[in-house]
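Written below as structure tokens is the structure these notes are about.
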Amino acid sequence: MKNPLEKVDLKNLSPSELVEFLGTFGKERYRSIQILRWFYQKGVESFDEMTNLSKRFRHELHQVSFISTLQPLHIEQAWDGTKKYLFRLEDGNRIESVLIPDKKRLTLCLSTQVGCALGCRFCLTGKMGLKRNLTTSEILNQILAVRKILLARESITNIVLMGMGEPLANYQNTLKAIELMHHPDAFKFSSRRITLSTVGLLPELERLAKEKISFRLAISLNATDEETRSQMMPINRLYPLKKILALCKIFLLHPRTRITFEYVMVAGINDSSLDAKRLLRLLRGIPSKVNLIPLNEAPGIPFKKPLEEKVKQFQEILMEGGLTAIVRMSKGREISAACGQLQGKSSDGRAQIWGQNQNIDF
Ligand code: SAH
Ligand code: SF4
């Protein structure tokens with residue numbers, strides 16, 4: 001009997017890798033389409049449910065491969081409807097996903113790594129350091145696990161790769177996951193509804209600019225001069241602000257429409273009107289939109305959130321300069337589900353906690 005660890009986790013395969021894999025035991029191309037639909041459209045978790053495949057074929061698949069799944073350990077809900085899902089991975093590591101309702105949208109925020117190596121000083125995930133990359137299946141199974149327990153009238157409309165980790169530091173697995181999110185036989189999300197947020201790793205951005213795959217790009221800018229950005233985000237010493245923006249101008253404009261720039265506002269560090277004016281100058285020539293995110297404070301983070309007037313003033317300067325600037329009030333703060341608060345553990349019980357096997361009735 002084969003060691004089950006050697007079996008292939010089929011959700012780690014891209015559509016073309018699946019075709020190739022099935023080809024090794026003589027199966028036709030259309031079989032891959034059937035399998036993709038079973039996994040990602042119908043959400044099956046066992047080969048036995050795949051009724052348009054012969055018993056023999058299912059048995060063959062079972063011999064060489066398996067279907068991985070994720071179940072939430074805890075689900076917490078904040079007063080604003082935001083839900084945080086805590087998952088325990090096979091190796092005991094923990095990750096989180098956040099579901100954010102907003103008017104007509106239901107956005108799922110996914111993790112791409114356990115922890116993060118980049119250590120931005122305002123981010124709790126950064127404080128954990130990097131444990132490991134997520135596999136493609138672990139990224140995708142977050143969607144499947146959340147979708148499985150949605151109410152009948154709910155459906156996920158948008159995906160953002162803004163949870164734990166730096167998606168471009170886990171380049172291959174993340175891109176494969178995005179391919180499946182978009183694929184017509186898999187999740188079928190339009191590329192406009194998938195957003196990847198990155199600090200701007202230059203080599204990976206250059207590589208990305210040459211890929212055919214399309215999605216929305218968000219770059220975490222967070223400062224308007226090199227010194228301040230390096231203070232907040234040590235990675236800026238390696239990949240400085242100016243070079244990232246130069247690359248945005250040259251490479252990234254087509255076919256990706258506007259780039260979103262995220263700007264975490266920190267009191268006394270990057271919230272002055274001078275910063276706003278500098279930001280306007282920096283983004284000149286790049287079709288862009290700015291998301292202003294007032295810092296989510298947390299114990300262990302040596303910064304304070306800005307005064308509301310400062311945020312307003314900053315936004316007005318950008319808008320007067322012709323930029324679209326939106327203030328993003330982070331949701332789910334009391335369950336530590338807001339930007340930068342994900343650490344792979346549940347909060348301290350102020351919010352309601354549901355166990356995995358309890359009747360979940362939101
Ligand atoms: N690593 C990627 C994606 C995950 S972080 C990135 O950095 O872009 C997602 C967003 O949360 C980033 O824009 C980041 O700047 C922001 N963020 C991190 N910590 C935060 C905090 N304490 N308050 C508000 N936003 C924060
Ligand atoms: Fe990593 Fe993003 Fe947090 Fe920085 S802000 S430490 S890149 S997760």
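Predicted model, so just to flag it, every value in this text is computed and none were measured. Read the numbers this way: they start at 1 and go in the same order the structure lists the ligands and their atoms.
By the salt bridge (charged side-chain N to carboxylate O under 4.0 Å, His left out) test, Glu316 is found to be paired with no residue, residues two or more places apart in sequence or in another chain being considered.
Side chains of Asp102 and Thr107 form no contact here, defined as non-hydrogen atoms less than 4.5 Å apart. Between Val266 and Asn222, the closest side-chain pair of non-hydrogen atoms is not below 4.5 Å. For the pair Val64 and Thr24, the minimum side-chain heavy-atom distance is 4.5 Å or more. Here the side chains of Leu89 and Arg132 are in contact, with some heavy-atom distance below 4.5 Å.
Close contacts between ligand 1 and Leu295 involve ligand atoms 21 (C), 22 (N), 23 (N) [criterion: under 4.0 Å to a heavy atom]. Every atom of ligand 1 is numbered from 1 in the order shown, and the set under 4.0 Å from a heavy atom of Val199 is 7 (O), 8 (O). Proximity to Gly126 (heavy-atom distance under 4.0 Å) selects the following atoms of ligand 2: 6 (S). The contact set between ligand 1 and Gly165, taken as ligand atoms under 4.0 Å from a residue heavy atom, comprises 1 (N), 2 (C), 3 (C), 4 (C). Residue contact check: Cys123 has heavy atoms under 4.0 Å from atoms 18 (C), 19 (N) of ligand 1. Each of the atoms 8 (O) of ligand 1 lies under 4.0 Å from some heavy atom of Thr198. Each of the following atoms of ligand 2 lies closer than 4.0 Å to a heavy atom of Val199: 7 (S). If you number the atoms of ligand 1 from 1 as listed, the ones under 4.0 Å from a heavy atom of Val264 come out as 15 (O), 16 (C), 17 (N), 24 (C), 25 (N), 26 (C). Interface of Gly163 with ligand 1, defined as ligand atoms under 4.0 Å from a residue heavy atom, comprises 4 (C).
Of the N and O atoms on the side chains of Asp275 and Thr224, at least one donor lies less than 3.5 Å from an acceptor on the other residue.
Residue Cys123 holds the heavy atom nearest to atom 5 (S) of ligand 2 of all those in Ser111, Gly119, Cys123.
Residues Lys148 and Glu45 are paired through a salt bridge, judged by an N-O separation under 4.0 Å between the basic side chain and the carboxylate.
Using a 4.0 Å cut-off between heavy atoms, Leu118 makes no contact with ligand 1 at all. By the criterion of a heavy-atom distance under 4.0 Å, the side chain of Glu262, and not its backbone, is placed next to ligand 1.
Heavy atoms only, all atoms of each residue included: Ala169 and Leu201 are closest at N-CD1, 3.6 Å.
Residue Ile293 has no N or O atom closer than 3.5 Å to an N or O atom of ligand 1. Considering backbone and side-chain atoms alike, Pro167 places every N or O at 3.5 Å or more from each N or O of ligand 1.
Counting non-hydrogen atoms of other residues, nucleotides and ligands closer than 6.0 Å to NZ of Lys55 gives a total of 12 or fewer.
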